[in-house]
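For reference, the structure is listed below as structure tokens.
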Amino acid sequence: MKTEIVNADERSISKAVSLLGLGEVVALPTETVYGLAGDATNPSAIKKIFDAKGRPQDNPLIVHISNLDMLFKVAKTVSVDALKLAKAFWPGPLTIVVPKSDYVCKETCAGLDSVGVRMPSNEIARKVIDKFGKPFAAPSANLSGKPSPTDAETVFEDMNGKIPLIIDGGTCDAGVESTVVSVLNDTPIVLRPGVITAEDMQRVLDKPVEIAKAITQEVKSNEKVLSPGMKYKHYAPKANVTILSGTLESFVKFVKKNRRDGVFVLCFDGEEKLFDVPAVPYGAVDDEKAQAHNLFSALRQLDKLGAKEVFARCPKNSGISLAVYNRLIRSAGFKIIEI
Ligand code: TXA
Ligand code: MG
């Protein structure tokens, strides 16, 4: 299949909508990362998404909507908490897990009786849903296991020959995927951190919001998880990544002692010159939004530069940084050394 990259305009949006109607899969920008969109009500379109990504069959997709009426179609019930969160944070990078209705096909949710729903703020994504008149399901537009793509060229690297169309809408704002929160029980619980934090949601709901243990800790192979995505190795470049937690001074010493061919450093802005091995920065030490924005493209760049072994500076693990920490620790296969 020939994969076309087109600029975002009315024509390309119409083309994407026609393809969705034919049960095809198209890649498009959202405010978080690029998504691989298919009709959420069409099992054969959903199968194409899983095939293109090489995604494990038990990992459900997020359903993207453009107005609240669609939420009531997709969800079996909408709790007070769900509605409060939707009204406070939509359109925006928040996925709310609610009980699933029969409107969305079971393949979209990998057979679960819940569904993750989000209303993106990206204009292109919203226009596609509006014109299509139905929600689309969309995972991040990477091959399963690789860092999520934040620009159209990166989508092309992973999806060339597998899908007919990529809409180029420039670089994504957030750079990490949406926050996933489950409101299936009385106490809401964050299943995946993003730029909307537990504290942000606590303020709106006026009650505690839990953070799932698996966000910062490795899940054992026989452990039951709240979100299938927690089980899988994610965001991994080809290189072997290790996070070093400690002062900058001890980090520099560690790298000096362990320098050899193929060793690279993933550091904060301005630190590059301190190392005698190549270094890729991913944002200023105190700029959590920049780190979120840059992390995935920095991980992909390390691959392109031929990194075999990467030592990474450790982000904080609170606020928006928790999202950065969560992605980086997964890309490192949970290898973190205190130095
Ligand atoms: O920002 C985003 O959310 C991007 C853009 C394209 O919208 N999408 C995205 O989708 O990151 P994906 O498929 O890469 O990640 C979806 C995550 C997975 O970890 C999945 O297990 C979880 O959400 N998820 C989806 N539905 C769920 C459900 N019903 N219950 C628990 N977890 C769910
Ligand atoms: Mg993904």
Side-chain angles (χ1 to χ4, degrees), residues 25-38 40 46 49-50 52-66 74-76 82 89-101 104 106-122 124-126 128-129 135-150 155 158 167 169 172-185 188-196 212 214-215 219 224-236 292 296 323 326-327 330-331:
V25 170
V26 298
L28 44 74
T30 81
E31 71 278 22
T32 55
V33 300
Y34 274 72
L36 210 53
I46 301 306
I49 294 178
F50 277 84
K53 280 183 67 87
R55 185 179 179 97
Q57 293 298 326
D58 66 345
N59 197 4
L61 307 180
I62 292 171
V63 173
H64 295 64
I65 61 174
S66 62
V74 167
K76 192 170 174 190
F89 298 108
W90 283 356
L94 179 68
T95 296
I96 307 174
V97 176
V98 294
K100 176 189 174 304
S101 75
V104 164
K106 65 175 190 307
E107 289 76 6
T108 295
C109 302
L112 296 180
D113 49 16
S114 63
V115 57
V117 191
R118 96 173 185 94
M119 190 191 290
S121 61
N122 180 285
I124 300 153
R126 289 168 62 80
V128 169
I129 306 167
F136 63 66
S140 48
N142 51 286
L143 289 173
S144 204
K146 293 240 258 161
S148 299
T150 54
V155 177
D158 279 16
I167 299 187
C172 302
D173 289 340
V176 288
E177 306 87 344
S178 61
T179 304
V180 179
V181 65
S182 167
V183 293
L184 296 175
N185 297 310
I189 179 162
V190 177
L191 304 179
R192 180 176 71 183
V195 298
I196 293 175
I215 283 176
V219 172
K224 195 168 177 289
V225 290
L226 294 169
S227 176
M230 289 168 169
K231 284 186 305 202
Y232 296 107
K233 191 169 183 207
H234 267 321
Y235 319 117
F296 287 146
N326 167 264
R327 305 314 189 271
R330 281 182 158 64
S331 74

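Just so you know, ligand 1 is whichever comes first in the structure, and atom 1 is the first atom listed for that ligand. Note that the structure is a prediction, hence the values are computed from the model and not measured.
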Side chain or backbone of [X] under 4.0 Å from ligand 1, or both, or neither, by non-hydrogen atoms?
X	answer
Arg55	side chain
Lys100	neither
Met230	neither
Leu191	side chain

Would you compute the distance between atom CZ of Phe50 and atom CG of Leu61 and round it to the nearest 0.5 angstrom? 4.0 Å
Give me the residue, atom name and distance of the protein heavy atom closest to [atom].
atom	answer
atom 14 (O) of ligand 1	Ser140 OG, 3.0 Å
atom 7 (O) of ligand 1	His64 NE2, 2.6 Å
atom 6 (C) of ligand 1	Gly35 CA, 3.5 Å
atom 8 (N) of ligand 1	Ala138 O, 3.6 Å
atom 32 (N) of ligand 1	Ser227 OG, 2.9 Å
atom 15 (O) of ligand 1	Arg192 NH1, 3.0 Å
atom 28 (C) of ligand 1	Ser114 OG, 3.8 Å
atom 27 (C) of ligand 1	Pro60 CG, 3.5 Å

Between [X] and [Y] (side chain of the first, backbone of the second, donor and acceptor by atom type, cut-off under 3.5 Å), is there such a pair?
X	Y	answer
Thr150	Gly175	no
Ser114	Val98	no
Ser121	Gly92	no
Asp158	Leu143	yes
Asn326	Ile215	yes

Just wondering, more than 12 heavy atoms not from Asp58 lying within 6.0 Å of its CG? yes
Heavy-atom nearest neighbour of atom 21 (O) of ligand 1 within options Asn59, Val63, Thr95, Val115: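 Nearest heavy atom to atom 21 (O) of ligand 1 lies in Asn59.
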Option set Gly194, Ser178, Ala37, Pro93, criterion heavy-atom distance to atom 3 (O) of ligand 1, minimum: Ser178
For Cys109 and ligand 1, answer yes if some heavy atom of the residue is under 4.0 Å from a ligand atom, otherwise no. no
Any heavy atom of Asn142 sitting closer than 4.0 Å to ligand 1? no
Considering all heavy atoms of both residues, which atom of Ala37 and which atom of Ile49 are nearest to each other, and what is their separation? C-CD1, 4.1 Å
Using a strict cut-off of 4.0 Å, indicate which atoms of ligand 1 neighbour a heavy atom of [X].
X	result
Thr32	1 (O), 2 (C), 4 (C), 5 (C)
Leu226	31 (C)
Gly229	19 (O), 21 (O)
Gly116	26 (N), 29 (N)

Could you tell me whether the side chain of Pro120 reaches within less than 4.5 Å of the side chain of Ile129, counting heavy atoms only?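 Answer yes - side chains close enough.
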Contact check, side chains of Pro147 and Ser331, non-hydrogen atoms, under 4.5 Å: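 Side-chain contact under 4.5 Å: no.
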Using a distance-only test with no angle check, is there a side-chain donor-acceptor pair under 3.5 angstrom linking Thr95 and Ser178?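 The criterion, which ignores hydrogens and geometry beyond distance, is satisfied for Ser178 and Thr95.
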Check whether the side chains of Ser148 and Glu177 place a donor and an acceptor atom closer than 3.5 Å, and report yes or no. yes
Run through His64, Arg118, Arg126 and flag the one making a side chain to side chain donor-acceptor pair (under 3.5 Å) with Thr30.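 Of His64, Arg118, Arg126, side chain to side chain donor-acceptor pair (under 3.5 Å) with Thr30 is met by Arg118 alone.
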Near the Mg ion (ligand 2), is there an N/O/S atom from Ser140 that is less than 2.8 Å away? yes
